[in-house]
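This report concerns only the one structure given below.
As the structure is a prediction and not an experimental result, all values here were calculated from the model.
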Amino acid sequence: MSQELDKFKEQVLKNLHNHGYPEKSISFPLEKMYEVADNKGLSFNKVLEVLKSEGHESELTVDKVIFFKAQETDAELDDNFMAKAQEAMANMSPEQLESIQQMILGMSQEEREDLLKKGKEMGMI
């Protein structure tokens, strides 16, 4: 990546963070972003590609570019779930672990999937 492209990308990220990113989606005027990139001899599309590869998604509309944080993939969610589950299990008594194991073994596949879905909806996963 060229030094100029890296500087411009960092400036975009700095401006995003100054406006509350990644907690909030942030939009900038699309035409202005293309003009600034072009004045620096850069392709704004290339800047968007680099940002996307680093987990910063964007959506182009007629007059603005909207930046938002990339969603976690299912694999990342599964890893996060496993870490939280292991942490919770480490704090349980042997009797509690046995009780949970028996409960899960008694569930159908559909019930287990529903339980996982509810955990995701509640933000536990």
Side-chain angles (χ1 to χ4, degrees):
M1 176 177 0
S2 75
Q3 188 175 7
E4 195 63 36
L5 178 66
D6 192 48
K7 281 184 188 177
F8 185 64
K9 177 198 71 149
E10 292 302 321
Q11 185 61 47
V12 169
L13 286 172
K14 180 181 175 190
N15 287 333
L16 287 170
H17 289 286
N18 287 343
H19 289 90
Y21 178 85
E23 291 80 21
K24 299 188 318 186
S25 295
I26 305 298
S27 66
F28 292 140
L30 184 61
E31 188 173 342
K32 180 72 173 172
M33 296 303 290
Y34 274 103
E35 287 174 7
V36 172
D38 189 52
N39 289 341
K40 295 177 180 289
L42 302 170
S43 163
F44 186 59
N45 290 334
K46 178 65 177 169
V47 174
L48 292 176
E49 286 176 24
V50 171
L51 289 168
K52 182 174 183 166
S53 72
E54 295 177 3
H56 310 282
E57 295 287 337
S58 60
E59 178 182 327
L60 302 178
T61 66
V62 175
D63 60 346
K64 59 187 171 184
V65 57
I66 304 167
F67 292 93
F68 52 95
K69 191 72 172 165
Q71 298 294 317
E72 288 184 298
T73 64
D74 286 342
E76 290 169 333
L77 286 173
D78 288 345
D79 289 344
N80 189 22
F81 172 74
M82 290 303 293
K84 286 184 179 182
Q86 288 174 340
E87 181 182 326
M89 289 171 58
N91 296 322
M92 291 182 180
S93 70
E95 294 81 19
Q96 289 173 313
L97 290 173
E98 176 71 25
S99 172
I100 290 172
Q101 182 179 17
Q102 292 303 317
M103 180 184 73
I104 292 174
L105 289 174
M107 290 180 169
S108 68
Q109 181 64 28
E110 184 179 311
E111 289 173 319
R112 285 185 225 149
E113 289 172 1
D114 286 343
L115 182 62
L116 187 59
K117 181 180 174 185
K118 287 178 184 174
K120 286 181 181 180
E121 289 172 356
M122 293 172 59
M124 297 171 64
I125 303 172

With sequence neighbours excluded, residues passing side chain to side chain contact (heavy atoms under 4.5 Å, CB included) with M92: Q96, L97, I100
With sequence neighbours left out, write down each residue that passes side-chain hydrogen bond (donor to acceptor under 3.5 Å, both in side chains) with E49, or none if nothing qualifies. none
How would you list, by chain and number, every residue that makes a side-chain hydrogen bond (donor to acceptor under 3.5 Å, both in side chains) with E113, sequence neighbours excluded? Q109
Do any side-chain atoms of residues 17-38 form donor-acceptor pairs under 3.5 angstrom with protein atoms, and if so which ones, sequence neighbours left out?
unit_1	atom_1	unit_2	atom_2	d
H17	ND1	Y21	O	3.1
N18	ND2	K14	O	3.4
H19	ND1	N15	O	2.7
Y21	OH	H56	ND1	2.7
Y34	OH	N45	OD1	2.6

Any chance you could measure E110, atom CD, to L115, atom CG, to the nearest 0.5 Å? 12.5 Å
Stepwise, does the side chain to side chain contact (heavy atoms under 4.5 Å, CB included) test hold for E57 with K52? CA-CA 5 Å; E57 295 287 337; K52 182 174 183 166; 3.6 Å; yes
E10: side chain to side chain contact (heavy atoms under 4.5 Å, CB included) partners, not counting sequence neighbours: D6, L13
Approximate separation, where rounding is to 0.5 Å, of K9 NZ and E54 CD: 3.5 Å
With sequence neighbours left out, write down each residue that passes side-chain hydrogen bond (donor to acceptor under 3.5 Å, both in side chains) with Q102, or none if nothing qualifies. E98
In this structure, CG of L105 is separated from CZ of R112 (nearest 0.5 Å) by 7.0 Å
